[in-house]
**Q** 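Structure incoming, see below.
All values below were derived from every heavy atom in this structure, side-chain atoms included, with hydrogens, water molecules and symmetry-related copies excluded.
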Amino acid sequence: MAQQVRLGQPVNRRLGDLLVADGLITPEQLSKALGEQKGSTEKLGSILIKLGFINEEQLIGFLSRQYGVPSITLSQLEIDPEVLKLVPAPIAKKYEVLPVRRMGNSLALAMADPTNVFALDDISFMTNLQVLPLVASQTAIKKSIDRHYESKTEAIASVMQDLSTDFSNVEIVDGDEEAAAAKVDIFELKESADEAPVVKLVNMVLVDAIQKGSSDIHFESYEKVFRIRFRIDGVLHEMLSPPKRLEAAILSRLKIMSNLDIAERRLPQDGRIKLRYSNREIDFRVSTLPTIFGEKAVLRILDKDSLRLDLTQLGFDPWSLEKFNGAIHQPYGMVLITGPTGSGKTTTLYSAVHTINSPDVNIMTAEDPVEYNLKGVNQVQVNEHVGRTFAAALRSFLRQDPDVILVGETRDLETAQISIRAALTGHLVFTTLHTNDCPSTIARLLDMGIPPFLVSSSLLLILAQRLGRKICSQCKEPYAADEESLVPYGHAPTGKGTVQFYKGKGCPTCNFTGMKGRVAIYETMPISEELRGAILRSATTAELREVAQRDGMKTLRQNGLQKVLEGTTTVEEVLRVTLA
């Protein structure tokens, strides 16, 4: 049995002696640190770092070896708010621990002292999870607790404290929405939206979203909750839940920033915010929508610096790149890009325009909205309130001597008809359509009322795309698998047998998700003579797909599985974004 000792000095002595034995500090430095520690609650390691006798990396490495548990660096780590909720701030401060990540029934916990069984037992009992300790320095844990628990709560507390206007007394009279809206004092609303704490909170959210690489910010109103979510790499994460009573002030602030009418709360509105951050100009596309418990606002982040306009960097396989590049260099015809909102259609379109843009080509675009400004391209913003629709803009374009026309979206028969006529009269036309894959795009055009002979003679190529998450490059690790395991998902085996797949282990860079960044998955369907014949005889979508695959087309699923074999993404991610 080990001799029973009082906690504190002997344990610290042991750590100090071990550090001296390891040659990390001298006996004189240990004596000075122990003298500084008297009457203090700080651990010896933190004192040694503060005195400059040892750095944080050396201490963490030493503790990791001593305790036999992995170490973790907390300085740049962003933690899911849902994980933070598992261990309340008072408990985290009491034991000097930080929940890092939940994995099924396990919770990774950063600790300065992984041998603290009281902390391990308490948190395991409280969360009903198996606790996996990770070692970090006491200073880093304290800073991280302040950063993750305090920063957001202090900002909200500051807003709550400084805002004197209370919107909770607005009542609905006999369910009459208009009467309820009339009771809100617009002047009070504007004043509260301009209060420093609200401005600070909104700015904090916008900057946080930019730093995390978000594509969208959702401000959502529910019956008793107001929450803010970020879409990062295509997946939504809950980031913050400000008090419900601040909802009106926050939404009014967003409306003021985007020049919208703060008095109008019953109709959807659209606007724009331009923000300068770290010498970068970032645009936010703002959309508000009335819901049953208040308004919802969604901000799409348009970061020009992150826009890649090089076709070779988008994720095309060589065959698809060759076919797409060939189509966009044709003198006339139509190139259609399809996919849901947020699938990267705009990036692909802008990359195509950028590739063929030159002083001897007149390129005109009709967009709703114009997301990025392209040098040397005549861009037109669609505005249906004044009658500047896609169809009206297209008619004007044909009188402007264009060579290339880009139509942001084909929403109706009139726009489709004008686009196809332009493609048949010597213009190259790029446009987008909301369909699931390439063959079903033909069916959609016919369903809109376009005759088959016009579709077959105008189309050059159809491109369907999705965005999937990439495996994090920092924690990527290989594992052996059989190529045959992909066959049930639609993969055509090439006889490789055992191959290397990859997965993300999880690290601070990817916030322990194993996935960081996105890659485009393409389905490219050039319109061959056989396909033109099939379209003319109004063949079914299944027949069109069969003909296209004979011509060399790979489906979205097949292209996605190819990226699994290349080590870019995972099988689970491909199954999430593509249909069999």
**Q** Pair Phe284, Ile217 - check side chain to side chain contact (heavy atoms under 4.5 Å, CB included), show working.
**A** CA-CA 9 Å; Phe284 294 84; Ile217 312 171; 4.1 Å; yes

**Q** Do Met257 and Arg253 come close enough that some side-chain heavy atom pair is under 4.5 Å?
**A** yes

**Q** So does Glu384 pair up with Arg388, basic N to acidic O under 4.0 Å?
**A** no

**Q** Under the 3.5 angstrom rule, does the side chain of Lys345 hit a backbone N or O of Gly339 as a donor-acceptor pair?
**A** yes

**Q** Under 3.5 Å, is there a donor-acceptor pair linking the side chains of His491 and Gln558?
**A** no

**Q** In terms of side-chain geometry, is the basic nitrogen of Arg272 or Asp283 positioned less than 4.0 Å from the acidic oxygen of its partner?
**A** yes

**Q** With no hydrogens and no angle check, is any side-chain donor or acceptor of Thr568 less than 3.5 Å from a backbone partner on Val564?
**A** no

**Q** Identify the heavy atoms of Cys475 and Gly514 that sit nearest to each other, and give their distance.
**A** SG-CA, 4.3 Å

**Q** Considering non-hydrogen atoms only, spot the tightest contact between Ser419 and Val429 and give its length.
**A** O-CG2, 3.7 Å

**Q** To the nearest 0.5 Å, tell me how far Ile250 CD1 sits from Ser221 OG.
**A** 9.5 Å

**Q** Taking the side chain as C-beta and beyond, is there a heavy-atom pair between Pro290 and Pro268 under 4.5 Å?
**A** yes

**Q** With side chain to side chain contact (heavy atoms under 4.5 Å, CB included) as the test, would you mind laying out the steps for Phe230 and Val205 before giving the verdict?
**A** CA-CA 10 Å; Phe230 292 173; Val205 170; 3.9 Å; yes

**Q** Backbone N or O of Ala327 within a donor-acceptor pair of the Gln330 side chain at under 3.5 Å?
**A** no

**Q** What I want to find out is whether Glu529 reaches Arg532 closely enough, with some N-O distance under 4.0 Å, to be called a salt bridge.
**A** yes

**Q** Any chance you could measure Thr441, atom OG1, to Asp447, atom CG, to the nearest 0.5 Å?
**A** 12.5 Å

**Q** Between Arg557 and Tyr489 (side chain of the first, backbone of the second, donor and acceptor by atom type, cut-off under 3.5 Å), is there such a pair?
**A** yes

**Q** Taking the six-membered ring for Trp, are Tyr502 and Tyr479 closer than 6.0 Å centroid to centroid?
**A** no

**Q** Walk me through it: do Glu530 and Ser528 pass the test side chain to side chain donor-acceptor pair (under 3.5 Å)?
**A** CA-CA 5 Å; Glu530 192 180 353; Ser528 62; 5.4 Å; no

**Q** Are any side-chain N or O atoms of Arg469 and backbone N or O atoms of Ile232, one a donor and one an acceptor, separated by less than 3.5 Å?
**A** no

**Q** Heavy-atom distance under 4.5 Å between the side chains of Leu314 and Tyr522, does that happen here?
**A** yes

**Q** Looking at Asp233 and Gly517, what are the two nearest heavy atoms and their distance?
**A** OD2-N, 2.9 Å

**Q** For Asp482 and Ser485, test the side chains for any donor-to-acceptor distance below 3.5 angstrom and give the result as yes or no.
**A** no

**Q** Any heavy-atom pair between the side chains of Met525 and Pro439 that's under 4.5 Å?
**A** yes

**Q** Within a 6.0 Å radius of atom NZ on Lys554, are there more than 12 heavy atoms belonging to other residues, nucleotides or ligands?
**A** no

**Q** What are the two closest non-hydrogen atoms of Ile228 and Pro242, and how far apart are they?
**A** CD1-CG, 3.8 Å

**Q** Are the charged groups of Glu220 and Arg227 less than 4.0 angstrom apart, N to O?
**A** yes

**Q** Donor-acceptor pair, Glu477 side chain versus Lys503 backbone, under 3.5 Å?
**A** no

**Q** Using ring centroids (six-membered ring only for Trp), state whether Phe293 and Tyr222 fall under 6.0 Å.
**A** no

**Q** Between Leu531 and Asp551, is there a side-chain heavy-atom distance shorter than 4.5 Å?
**A** yes

**Q** Using side-chain heavy atoms (C-beta onward) and a distance below 4.5 Å, is Arg518 in contact with Ser215?
**A** yes

**Q** Can you tell me how far the OG1 atom of Thr524 sits from the CD atom of Glu322, to the nearest 0.5 Å?
**A** 11.0 Å

**Q** Taking the side chain as every heavy atom from C-beta outward, state whether Thr410 and Thr432 have any pair of such atoms under 4.5 Å apart.
**A** no

**Q** Begin from the C-alpha positions of Arg285 and Asp270 and carry the test salt bridge (charged side-chain N to carboxylate O under 4.0 Å, His left out) through to its verdict.
**A** CA-CA 8 Å; Arg285 195 172 76 202; Asp270 295 298; over 6 Å; no

**Q** When you look at Val380 and Glu367, which way does the side chain to side chain contact (heavy atoms under 4.5 Å, CB included) test go after all the steps?
**A** CA-CA 6 Å; Val380 174; Glu367 303 171 61; over 6 Å; no

**Q** On a heavy-atom basis, which atom in Leu251 and which in Glu295 lie closest, and how many Å separate them?
**A** CD1-O, 3.4 Å

**Q** Does Thr355 use its side chain to pair, donor to acceptor, with the backbone of Ser351 at less than 3.5 Å?
**A** yes

**Q** Would you sort out whether Ile420 and Leu424 count as a side chain to side chain contact (heavy atoms under 4.5 Å, CB included), showing the intermediate values?
**A** CA-CA 6 Å; Ile420 282 176; Leu424 290 171; 4.0 Å; yes

**Q** What I'd like to find out is whether the side chain of Val83 reaches to under 4.5 Å of the side chain of Val100, using heavy atoms alone.
**A** no

**Q** Find the distance between OG (Ser258) and CD1 (Ile273) and round it off to the nearest 0.5 Å.
**A** 4.5 Å

**Q** Nearest 0.5 Å, please: how far is NE2 in His329 from CD1 in Ile356?
**A** 7.0 Å

**Q** Between the side chain of Gln379 and the main-chain N/O of Leu374, is any donor-acceptor distance below 3.5 Å?
**A** yes

**Q** Do NZ/NE/NH1/NH2 and the carboxylate oxygens of Glu573 and Lys470 come within less than 4.0 Å?
**A** no

**Q** Does Tyr332 OH have over 12 foreign heavy atoms under 6.0 Å away?
**A** no

**Q** Kindly indicate, with the supporting measurements, whether the criterion side chain to side chain donor-acceptor pair (under 3.5 Å) is fulfilled by Asn362 and Asn378.
**A** CA-CA 8 Å; Asn362 179 22; Asn378 304 286; 3.0 Å; yes

**Q** For the atom pair OG1 (Thr431) and CD1 (Ile418), what is the distance rounded to the nearest 0.5 Å?
**A** 11.5 Å

**Q** Does Arg466 offer a backbone N or O that forms a donor-acceptor pair with the side chain of Ser343 under 3.5 Å?
**A** no

**Q** Grab the two heavy atoms, one from Leu461 and one from Ile527, that are nearest each other, plus how far apart they are.
**A** N-CG1, 3.9 Å

**Q** Keeping His427 on the side-chain end and Ala422 on the backbone end, is there a donor-acceptor pair under 3.5 Å?
**A** yes

